[in-house]
K.L.:
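Provided herewith is a single structure, encoded as structure tokens, for subsequent inquiry.
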Protein chains: 2
Amino acid sequence: MAKRKIHNCLDGCSVESTLQLISGKWKSVFLYHLIFEGAYRYSELQRFVPGITKRMLSLQLKDLETDGLISRIVLQEKPIAVSYSVTDYGRTLAPVIESMYDWGNSFNLHQLNTQ
Amino acid sequence: MAKRKIHNCLDGCSVESTLQLISGKWKSVFLYHLIFEGAYRYSELQRFVPGITKRMLSLQLKDLETDGLISRIVLQEKPIAVSYSVTDYGRTLAPVIESMYDWGNSFNLHQLNTQ
DNA sequence: CTGTATCCCCGGTGATACTG
DNA sequence: CAGTATCACCGGGGATACAG
């Protein structure tokens with residue numbers, strides 16, 4: 001399903017391969033919200049990253065969908081609405097995202113916005 | 001210590017901030033070996049990624065050192081030798097790297113080298 | 001509301017040669 | 001052995017306008 005090319009490395013390659021799926025800009029943020037909070041709409045996801053362009057939002061979501069991590073559902077509403085949710089496959093990333101979230105809070109967060 | 005700029009996002013930002021430290025090309029691979037296997041020399045680290053240039057190797061290691069995750073020690077040998085090891089701070093990333101390693105093995109590895 | 005189409009720029013990365 | 005110095009490329013990502 002994933003058609004992203006994998007670089008050739010030896011042991012430790014699996015770490016890199018995991019990284020490739022989630023290292024796109026803001027991908028991990030969207031995965032975090034979709035995994036631990038549930039489905040969100042396009043406009044809601046956009047609000048999670050202030051200033052992100054619709055183009056980037058679409059590109060990142062498309063990547064996640066292409067990799068089978070999230071699913072895109074067009075709701076029958078007017079005006080049009082689209083719901084994004086994590087797939088079963090995507091949900092297996094929960095431990096990874098959670099450990100990153102925890103580490104960021106414990107060891108890195110104090111370095112943010114230190115201006 | 002880390003001087004990398006953090007993007008403005010809301011909750012979930014800590015996930016992204018963690019990613020920024022380890023998402024450089026091959027950084028996660030080096031962290032994996034240094035955390036779970038111990039110290040390595042420059043030339044040994046180079047062998048973990050076949051084809052990597054000395055330039056990229058130096059850049060990635062320099063980034064990791066600047067972020068305080070690894071330490072660089074020049075050994076008194078002839079010819080010159082340099083040993084790289086993980087710092088206490090870098091070792092706190094163990095759960096993150098480990099979860100990525102496990103996920104890559106469990107859910108992603110079968111998609112590698114499928115040519 | 002949810003995107004796509006263009007244009008464009010910058011920095012991450014590769015290739016290669018050189019150095020202590 | 002362990003890097004640094006240059007040059008060059010390309011694709012990720014931003015700005016903006018347009019579309020269903």
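Protein chains get the first letters and strands the later ones, always in sequence-line order, with residue 1 at the start of each.
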K.L.:
If I take atom NZ in residue A/K27 and atom C1' in nucleotide D/dG13, what distance separates them, rounded to the nearest angstrom?
P.N.:
13 Å
K.L.:
Among the candidates D/dA2, C/dG3, C/dT2, find the nucleotide nearest to the side-chain atoms of A/Y84.
P.N.:
C/dG3
K.L.:
For this output row, return yes or no: ring centroids of A/F30 and A/F48 closer than 6.0 angstrom.
P.N.:
no
K.L.:
Roughly, in whole Å, what's the span from OH in B/Y40 to P in D/dA2?
P.N.:
15 Å
K.L.:
Which heavy atom of A/G68 sits nearest to which heavy atom of A/Y89, and what is that distance?
P.N.:
O-CD2, 3.4 Å
K.L.:
D/dG13, C/dT2, C/dG14: which one has an atom nearest the side-chain heavy atoms of A/K25?
P.N.:
D/dG13
K.L.:
Any side-chain N or O of B/R72 below 4.0 angstrom from OP1/OP2 of D/dG3?
P.N.:
yes
K.L.:
Write down the distance between CD1 (B/I80) and P (D/dG3), rounded to a whole number of angstrom.
P.N.:
7 Å
K.L.:
For the side chain of B/S58, starting at C-beta, report the closest nucleotide among C/dT13, C/dT4, D/dT4.
P.N.:
D/dT4
K.L.:
Starting at CE of A/M56 and ending at P of D/dT16, how long is that distance when rounded to a whole Å?
P.N.:
16 Å
K.L.:
Pick the nucleotide of DNA chain D nearest each of A/T53 and B/S83; which residue has the one closer to the 5' end?
P.N.:
B/S83
K.L.:
Within the 3.5 Å criterion, strictly below it, is a donor on A/S85 or A/S71 matched to an acceptor on the partner's side chain?
P.N.:
yes
K.L.:
For a quick test of reading the model: is some side-chain N or O of B/S43 closer than 4.0 Å to OP1 or OP2 of D/dA2?
P.N.:
yes
K.L.:
Does any donor atom in the side chain of B/Y42 or B/S58 lie under 3.5 Å from an acceptor atom in the other side chain?
P.N.:
yes
K.L.:
Would you indicate which nucleotide in D/dG13, C/dT2, D/dA2 comes nearest to any side-chain atom of B/V82?
P.N.:
D/dA2
K.L.:
Starting at atom CD of B/E77, determine the distance to atom P of D/dC1, rounded to an integer number of angstrom.
P.N.:
12 Å
K.L.:
Between D/dT6, C/dG3, C/dC1, which nucleotide gets closest to the side-chain atoms of B/R55?
P.N.:
D/dT6
K.L.:
B/Q76 CD to D/dC1 C1': how many Å, rounded?
P.N.:
14 Å
K.L.:
Provide, to the nearest angstrom, the distance between the CG atom belonging to B/L19 and the C1' atom belonging to D/dG12.
P.N.:
15 Å
K.L.:
Counting distance only, does the side-chain N/O of B/E44 pair as donor-acceptor with the main-chain N or O of B/R41 below 3.5 Å?
P.N.:
yes
K.L.:
I want to check one thing: is the phosphate of C/dA17, taken as OP1 and OP2, less than 4.0 Å away from some side-chain N or O of B/K54?
P.N.:
no
K.L.:
B/K62 has an atom NZ; how far is it from atom C1' of D/dA2, in whole Å?
P.N.:
11 Å
K.L.:
Looking at the side chain of A/Y42, which of C/dG3, D/dG14, D/dT4 is the nearest nucleotide?
P.N.:
C/dG3
K.L.:
Remember a base hit wins even if backbone is also touched, and classify B/Q60 as base, sugar-phosphate or nothing at under 4.0 Å, heavy atoms.
P.N.:
sugar-phosphate
